[in-house]
Amino acid sequence: MPRPTVHSTPFGTVHGTETHLWTLDSGTGVQAGVLTYGASLHSLTVPDTTGTTASVVRSLASLDDYTAKHPYFGAVVGRYANRIAHGRFTLDGTEHHIPANDRGHALHGGPEGFHTKVWEAEADRTEDSVSVRLTLHSPDGDMGFPGALDSTVTYTLDTAGTLAVDYACATDRPTVVNLTNHAYFHLAAHGDVLGHRLEVDAETYLPVDGGGIPLGPPAEVRGTPFDLTEPRVLAERLGHDDPQLRAAGGFDHCWVLRDTGGGLRLGARLTAPEATRVLEVWTTEPGIQVYTANQLDGSFTDATGRRHERHGSVCLETQHLPDSPNRPDLPSTVLRPGETARSRTELRFTHLRN
């Protein structure tokens, strides 16, 4: 069996700092491309059931496109993924302010979050996997967050074609942290994703107001378009006349995963039409934000010139829940000195195992 390989190539320079594209090759047909800019998942090439290969994540054409404002294509977002209401939270009696960058709220760590940083990288290889380990030091007060934070994100691709993403963070002062990857998935590699089937192992989700902030406690999905406890065609779900769907233009909501007692568990399954590709998302996180690319309008293109259109992809962002720093009823995202915040997400392509 061919051995997995890993190598890097220059991808351009940002403010005098070189960036690189790291290519992880499973040796069995799956390749992942990871940028040091934003620790971004730039490509994930996977064969379908006929052997045809294509990337199943949307990307941008060049470093200039990534450094311009864009909707987080493939990036690791932080320090706090999703939204913090009004860009404010109180920790240990002190109020902290994060710059608002989305309808008066702080989204994905603020305008200069982790998606805008160049991460350090080093590679590793074993007999059956290859990995790239990316590290970032965020100083005390970065985007208003307290404490210096050291973050590590490791992408590991094995010979079975599974891509694992491991996150680890440590701080020197009490802070909050919530990292995720913002990949836009499209398993058919052409057209939109409305014919894809999605299943999420969650009995509740968080309804939101017009700014994307949770309105209250988790609500039951049963009897609503948000019931994805069985595989549902996205077009059918998004076609419901529901006020939550109308306000967001589709899904842009966090599902609260079924509690299985901790550890890695299946969170979501995305299936291409005719099941030519099947993606399972396994995670240790308590939630998945499903975003059906409601705001994309063709303004962004990839290296082939293909435009990224509305509902042309879907994000499955494993994470803690939105606005948790202001919601003591939700799982805590507080990190204190001496602790390490860890999480793991695996992207498994089960059609490759049949």
Side-chain angles (χ1 to χ4, degrees), residues 6-25 31-45 55-82 99 101-102 107-124 130-139 142-143 145 149-157 163-169 177-185 291 293 296 299-306 308 313 315 317 319 345 347:
V6 57
H7 69 274
S8 70
T9 55
F11 198 71
T13 302
V14 179
H15 304 306
T17 301
E18 290 186 354
T19 70
H20 292 84
L21 171 63
W22 285 85
T23 301
L24 288 67
D25 191 325
Q31 286 188 344
V34 176
L35 296 175
T36 55
Y37 186 80
S40 304
L41 183 60
H42 177 65
S43 63
L44 183 55
T45 302
S55 180
V56 297
V57 297
R58 299 298 203 192
S59 64
L60 298 174
S62 69
L63 182 60
D64 286 345
D65 295 313
Y66 280 104
T67 56
K69 185 176 181 180
H70 68 88
Y72 309 98
F73 281 102
V76 167
V77 293
R79 296 185 186 190
Y80 199 92
N82 217 311
N101 59 333
D102 180 63
L107 174 65
H108 296 328
E112 297 178 17
F114 286 3
H115 65 289
T116 68
K117 310 301 183 184
V118 179
W119 296 57
E120 298 289 330
E122 61 180 5
D124 193 15
V130 285
S131 63
V132 59
R133 179 177 180 267
L134 300 118
T135 56
L136 180 70
H137 177 75
S138 174
D142 189 10
M143 285 286 97
F145 289 95
L149 188 75
D150 289 302
S151 300
T152 301
V153 177
T154 304
Y155 292 89
T156 302
L157 181 65
L163 182 67
V165 189
D166 288 284
Y167 305 86
C169 298
V177 65
N178 183 29
L179 305 187
T180 192
N181 181 276
H182 207 292
Y184 287 77
F185 294 101
Y291 174 54
L296 299 192
S299 300
F300 302 97
T301 60
D302 64 14
T304 69
R306 180 175 56 186
H308 301 314
S313 51
C315 301
E317 307 162 45
Q319 59 186 250
T345 293
L347 307 179

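It should be emphasised that the depicted structure is a prediction, and the values quoted were computed from it without experimental measurement. Residues take their numbers from the sequence shown, with the count starting at 1.
In terms of modelled atom types and a separation under 3.5 Å, the side chain of D124 and the main chain of S131 share no donor-acceptor contact. For S43 (side chain) and G33 (main-chain N/O), a donor-acceptor pair under 3.5 Å exists by modelled atom type. Within the 3.5 Å criterion, the main-chain N or O of S59 finds a donor-acceptor partner in the side chain of H308. One N or O on the side chain of T19 and one on the backbone of G12 form a donor-acceptor pair closer than 3.5 Å.
Between A81 and T180, the closest heavy-atom pair is CB-CG2, 3.5 Å. L44 approaches A32 most closely through the heavy-atom pair CD1-CB, 3.9 Å. Here the shortest heavy-atom pairing between N101 and P111 reads ND2-N, 3.5 Å. Taking each heavy atom of Y80 and V177 in turn, the nearest pair found is CD1-C, 4.3 Å. Taking every heavy atom of both residues into account, R79 and L179 meet most closely at O-CD2, 3.8 Å.
Taken from CG in D102 to CG in L107, the straight-line distance is 5.0 Å, to the nearest 0.5 Å. Separating the CG atom in L163 from the CG atom in N181 is a distance of 8.5 Å, to the nearest 0.5 Å. If you take CG on L24 and OG on S8, they are separated by 10.5 Å, rounding to the nearest 0.5 Å. Between D65 atom CG and F300 atom CZ the span is 8.5 Å, to the nearest 0.5 Å. Between L136 atom CG and T36 atom OG1 the span is 11.0 Å, to the nearest 0.5 Å. In this structure, CD in Q31 is found 10.0 Å from OG in S55, a value given to the nearest 0.5 Å.
When side chains are defined from C-beta on, S151 counts as touching F114, because their heavy atoms get closer than 4.5 Å. You'll find the side chain of H182 stays beyond 4.5 Å of the side chain of S40, heavy atoms only. Using a 4.5 Å heavy-atom threshold, the side chains of C315 and Y184 count as touching.
Remark: aromatic rings of H108 and Y72 are close, center separation under 6.0 Å. Checked against the 6.0 Å centroid threshold, Y66 and F73 do not count as a close aromatic pair. Between Y37 and F11, the ring center distance fails the sub-6.0 Å criterion.
Within the structure, the side-chain hydrogen bond (donor to acceptor under 3.5 Å, both in side chains) test picks out the following pairs touching residues 112-123 (sequence neighbours left out): E122-R133.
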>> Applying side chain to side chain contact (heavy atoms under 4.5 Å, CB included) to L134 and V34, what does each step give before you reach the verdict?
In response: CA-CA 10 Å; L134 300 118; V34 176; 3.9 Å; yes
> side chain to side chain contact (heavy atoms under 4.5 Å, CB included) between V76 and V165: does it pass, once the steps are laid out?
Replying inline: CA-CA 10 Å; V76 167; V165 189; 5.7 Å; no
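For the residue pair D302 / T304, a side-chain donor-acceptor distance below 3.5 Å is found, with atom types taken as modelled.
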